Amino acid sequence: MNKNVLVISASPRKGGNSDTLCDEFIRGAQESGNHAEKIFLASKNIEYCIGCGVCNTTHKCVQKDDMAEILDKMVEADVIVLATPVYFYTMDAQMKTLIDRTVPRYTEIQNKDFYFIVAAADTERKMMERTIEGFRGFTQDCLTGAREKGIIYGTGAWQAGEIKGTPAVKQAYEMGRNV
């Protein structure tokens, strides 16, 4: 069965290490006959949540930016990949802003398979666990029927491109092939 795969790249650098892992995941998913699309958050206009609470009753955000379109795609996807560089032991601001802005429709993001991609200069995976726990808090505690299917740890990659040639690249491709 062909799946609709949505990859959300929070890297602020196109071609950065976590973004490169996204591309490999997509390559594998597409080669297996799935439809795959990447949203590069740095190229989108997504404002911070202002905490007004209007969306709790209207299920629409009062802000007029790119988030409504992204939420549509998240609701329609079968598989969602959340990818972020790890900054100071947690997800970057772009990813956290995206998660915060799902409030209007998060109850519609149901029964999805989730993959997590994290990349950091640190060589120890344990230093990325706060990021993974943040993703799990969102997916497991807030979304109905979310299934965690895999994690790709891109370790030891500081400068853009340093991830190439590491085992994480092959792992991202293989996970994409097996969605």
Side-chain angles (χ1 to χ4, degrees), residues 3 5-32 34 36-46 48 66-67 70 73-74 77-102 109 112-143 146-179:
K3 294 182 180 175
V5 179
L6 181 64
V7 177
I8 301 174
S9 175
S11 176
R13 321 183 273 197
K14 200 171 254 319
N17 295 309
S18 62
D19 193 50
T20 296
L21 294 174
C22 290
D23 292 341
E24 284 300 304
F25 192 100
I26 288 169
R27 186 170 71 90
Q30 289 175 334
E31 285 182 11
S32 294
N34 299 291
E37 175 184 0
K38 178 172 73 172
I39 295 174
F40 187 70
L41 292 181
S43 69
K44 299 292 183 182
N45 176 31
I46 304 172
Y48 299 115
D66 294 329
M67 193 60 202
I70 294 169
K73 291 179 182 200
M74 291 178 79
D78 301 307
V79 176
I80 298 175
V81 178
L82 300 176
T84 183
V86 176
Y87 294 159
F88 296 101
Y89 309 103
T90 193
M91 67 186 74
D92 70 0
Q94 291 86 339
M95 180 59 70
K96 181 63 169 100
T97 299
L98 173 103
I99 290 172
D100 289 348
R101 289 289 307 283
T102 64
I109 305 170
K112 311 286 182 201
D113 291 343
F114 280 88
Y115 292 84
F116 307 138
I117 296 175
V118 291
D122 206 302
T123 57
E124 295 183 44
R125 288 169 49 161
K126 71 177 185 168
M127 302 313 274
M128 300 180 189
E129 286 308 311
R130 289 184 192 143
T131 304
I132 299 303
E133 289 307 313
F135 282 154
R136 286 179 178 147
F138 171 57
T139 59
Q140 300 299 315
D141 296 341
C142 300
L143 306 180
R147 296 171 298 273
E148 182 180 318
K149 301 298 271 187
I151 303 170
I152 300 158
Y153 292 92
T155 58
W158 177 266
Q159 299 301 321
E162 286 183 344
I163 202 69
K164 293 177 183 170
T166 69
V169 173
K170 183 176 181 186
Q171 184 184 19
Y173 171 78
E174 289 299 326
M175 277 195 194
R177 276 182 39 90
N178 292 305
V179 297

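These figures come from a predicted structure and were not determined experimentally.
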Is any side-chain heavy atom of [X] less than 4.5 Å from a side-chain heavy atom of [Y]?
{"X": "Thr84", "Y": "Phe116", "value": "no"}
{"X": "Met175", "Y": "Ile152", "value": "yes"}
{"X": "Tyr89", "Y": "Thr131", "value": "no"}
{"X": "Asp100", "Y": "Tyr48", "value": "no"}
{"X": "Ser43", "Y": "Phe40", "value": "yes"}

Check [X] against [Y] and note the closest heavy-atom contact, atom names and distance.
{"X": "Leu21", "Y": "Ala172", "value": "O-CB, 3.5 Å"}
{"X": "Pro85", "Y": "Pro12", "value": "CG-CD, 3.9 Å"}
{"X": "Glu24", "Y": "Val169", "value": "CG-CG1, 3.5 Å"}
{"X": "Met74", "Y": "Ile80", "value": "O-CD1, 3.7 Å"}
{"X": "Ser18", "Y": "Ser11", "value": "OG-CB, 3.5 Å"}
{"X": "Gln94", "Y": "Ala10", "value": "CB-O, 3.8 Å"}

Do the charged groups of Lys38 and Asp23 touch, with an N to O distance under 4.0 Å?
-> yes
Is Glu31 salt-bridged to Arg27, cutoff N-O under 4.0 Å?
->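 Arg27 and Glu31: salt-bridged.
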Derivation and outcome, side chain to side chain contact (heavy atoms under 4.5 Å, CB included), residues Ile39 and Lys44 = CA-CA 8 Å; Ile39 295 174; Lys44 299 292 183 182; 4.1 Å; yes
Between Glu148 and Tyr115, does a side chain to side chain donor-acceptor pair (under 3.5 Å) hold up when you go through it step by step?
-> CA-CA 6 Å; Glu148 182 180 318; Tyr115 292 84; over 6 Å; no
Just verifying a value: how many Å separate [X] [atom1] and [Y] [atom2], rounded to the nearest 0.5 Å?
{"X": "Arg101", "Y": "Thr97", "atom1": "CZ", "atom2": "OG1", "answer": "9.0 Å"}
{"X": "Asp19", "Y": "Ile117", "atom1": "CG", "atom2": "CD1", "answer": "9.5 Å"}
{"X": "Arg177", "Y": "Ser32", "atom1": "CZ", "atom2": "OG", "answer": "4.5 Å"}
{"X": "Asp78", "Y": "Asp113", "atom1": "CG", "atom2": "CG", "answer": "8.0 Å"}
{"X": "Phe135", "Y": "Leu82", "atom1": "CZ", "atom2": "CG", "answer": "5.0 Å"}

Do Leu6 and Ile8 pass the side chain to side chain contact (heavy atoms under 4.5 Å, CB included) test, and can you show the C-alpha distance, the side-chain angles, and the key distance before you say yes or no?
-> CA-CA 6 Å; Leu6 181 64; Ile8 301 174; 4.2 Å; yes
List the steps and the verdict of side chain to side chain contact (heavy atoms under 4.5 Å, CB included) for Leu143 and Phe138.
-> CA-CA 7 Å; Leu143 306 180; Phe138 171 57; 3.9 Å; yes
Could you tell me whether the side chain of [X] and the main chain of [Y] form a donor-acceptor pair under 3.5 Å?
{"X": "Thr102", "Y": "Leu98", "value": "no"}
{"X": "Asp66", "Y": "Asn45", "value": "yes"}
{"X": "Lys3", "Y": "Val179", "value": "yes"}
{"X": "Asn34", "Y": "Ala29", "value": "yes"}
{"X": "Asn17", "Y": "Ile163", "value": "yes"}
{"X": "Thr20", "Y": "Gly15", "value": "yes"}

For Arg147, does the CZ atom sit with more than 12 other heavy atoms under 6.0 Å from it, leaving out its own atoms?
-> yes
So does Tyr87 have more than 12 non-hydrogen atoms from other groups sitting under 6.0 Å from OH?
-> yes
Test log, rule side chain to side chain contact (heavy atoms under 4.5 Å, CB included), inputs Met91 and Ile99 | CA-CA 11 Å; Met91 67 186 74; Ile99 290 172; 3.8 Å; yes
Go through Arg136 and Asp141 one step at a time and tell me if the salt bridge (Lys or Arg N to Asp or Glu O under 4.0 Å) criterion holds.
-> CA-CA 7 Å; Arg136 286 179 178 147; Asp141 296 341; over 6 Å; no
Lys149 to Phe114, cation-pi by 6.0 Å centre distance and 45° axis angle |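 No; the conditions do not both hold, so Lys149 does not lie above the ring face of Phe114.
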Residue among Gln171, Glu129, Lys126 satisfying side chain to side chain donor-acceptor pair (under 3.5 Å) with Tyr153 =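 So, applying the side chain to side chain donor-acceptor pair (under 3.5 Å) to Tyr153 and each of Gln171, Glu129, Lys126, only Glu129 qualifies.
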